[in-house]
Amino acid sequence: MLVLHDLNFNVIGTLCDINDPTNKLPTNQLERKDRIMKGPYQPILKLYQRTKIGDINRSFNRNWYNNYNWLEYSPKVDRAFCFTCRMFNSSSNLNVGQKEKAFSEIGFNSWNNATTSLYNHQKSKAHSNSVTSYLTFLNSKSIDVVLDESNSQRISQREEI
C-alpha cells in the first residue's frame with residue numbers, strides 16, 4: 001500500500017501495492033518465485049514520512065538503496081526491511097534461531113542510527129545466510145529444466161552409439 005501525503009503528512013490518498021514488504025509472502029511456489037525474481041520493493045518518493053527523534057525530524061533516505069541493494073521500504077508503515085532476510089529467513093537450516101526480526105518481520109525505523117544499523121545488519125550471520133540461500137535459489141534450476149536436460153543428454157548419447 002502506497003500512502004500519499006501532503007506537506008503536513010496528512011494522508012490524502014491510498015494506493016495498494018502487493019509487493020510492499022508488510023504484505024504476507026505468497027504461499028504458492030510459483031507466486032513466491034515471481035515475487036523473489038522481482039527483487040526488493042524500493043519505492044522512490046518525493047517525500048518520506050518524517051519522525052521526530054530528539055529535536056530533529058528524520059526519515060528514510062532513498063540513497064541507502066545505492067549502498068544496500070537488499071534494502072526495502074514500506075511507505076505503508078514507514079519502515080525498512082531486508083529483502084533477502086524476509087524471503088529466506090526460515091527457508092534453510094542455516095538461519096535457525098538467527099533471524100533479526102527488525103529487518104525480516106517488524107521493520108526498521110530508527111532513522112537516527114540507520115547508517116550503522118544497516119551496515120551491521122549486512123555483516124550479520126543471519127543476513128549472510130539469507131544471501132547464501134537467495135543466491136542458491138537464483139542459481140538453481142526447476143525440476144522441469146533438469147528433466148529436459150537429462151532427457152536431451154540421454155538422446156544425444158543414444159545417437160552417438
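We're numbering straight along the sequence, starting at 1. Excluded from the calculations below are hydrogen atoms, water molecules and symmetry mates; all remaining heavy atoms, backbone and side chain alike, are included. All of these numbers come straight from a predicted model, not from anything done at the bench.
Applying the ring pair (Phe, Tyr, Trp, His ring centres under 6.0 Å) criterion to Tyr68, with sequence neighbours excluded, gives Trp70. The ring pair (Phe, Tyr, Trp, His ring centres under 6.0 Å) test applied to Tyr73 returns Tyr48, Phe60, not counting sequence neighbours.
In this structure a side-chain-to-backbone donor-acceptor pair under 3.5 Å is missing from Asp34 to Leu30. Between the side chain of Ser128 and the backbone N or O of Ser124, no donor-acceptor pair lies under 3.5 Å. Side-chain atoms of Gln42 come within 3.5 Å of backbone N or O of Leu71 as a donor-acceptor pair.
A chain of hydrophobic side-chain contacts below 4.5 Å, direct or via other Ile, Leu, Val, Met, Phe, Trp or Tyr residues, connects Phe137 to Phe83.
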Inset, instruction - Could you give me the CA-CA distance, side-chain angles and deciding distance for Tyr119 and Asn67, then say whether side-chain contact (heavy atoms from CB on, under 4.5 Å) is met? - result: CA-CA 9 Å; Tyr119 177 81; Asn67 297 324; over 6 Å; no
Inset, instruction - Kindly determine whether His127 and Cys82 satisfy side-chain contact (heavy atoms from CB on, under 4.5 Å), including the steps that lead there. - result: CA-CA 8 Å; His127 179 75; Cys82 174; 3.3 Å; yes
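Closest approach of Arg79 to Ile106, counting heavy atoms only: CD-O, 3.2 Å. Looking at every heavy atom in both residues, Ser104 comes nearest to Cys85 through CB-O, 3.8 Å. Asn109 approaches Asp78 most closely through the heavy-atom pair CB-O, 3.6 Å. Minimum heavy-atom separation, Leu25 to Arg32: CD1-NH1, 3.6 Å.
You'll find the side chain of Asn129 reaches within 4.5 Å of the side chain of Lys125, heavy atoms only. Trp64 is listed as a side-chain neighbour of Thr115, based on a closest heavy-atom distance under 4.5 Å.
Within the 6.0 Å centre-distance limit, the rings of Phe103 and Phe108 are counted as a close aromatic pair.
With rounding to the nearest 0.5 angstrom, the CD1 atom of Ile36 is 6.0 Å from the CE atom of Met87. Separation of atoms OG (Ser110) and CZ (Arg58) is listed at 10.5 Å; rounding is to 0.5 Å. One finds the CD1 atom of Ile56 at 11.0 Å from the CZ atom of Arg50 (value rounded to the nearest 0.5 Å). Note that OG1 of Thr84 is 9.0 Å distant from CG of Leu135, once rounded to the nearest 0.5 Å. With rounding to the nearest 0.5 Å, the separation of CG in Asn57 from CH2 in Trp111 is 14.0 Å. Distance check, rounded to the nearest 0.5 Å: CG of Asn112 to OG of Ser117 gives 8.5 Å.
Side chains of Asp20 and Tyr41: a donor-acceptor N/O pair is absent below 3.5 angstrom, by distance only.
In this structure, Arg35 pairs ionically with Glu72, as a charged nitrogen and a carboxylate oxygen lie closer than 4.0 Å.
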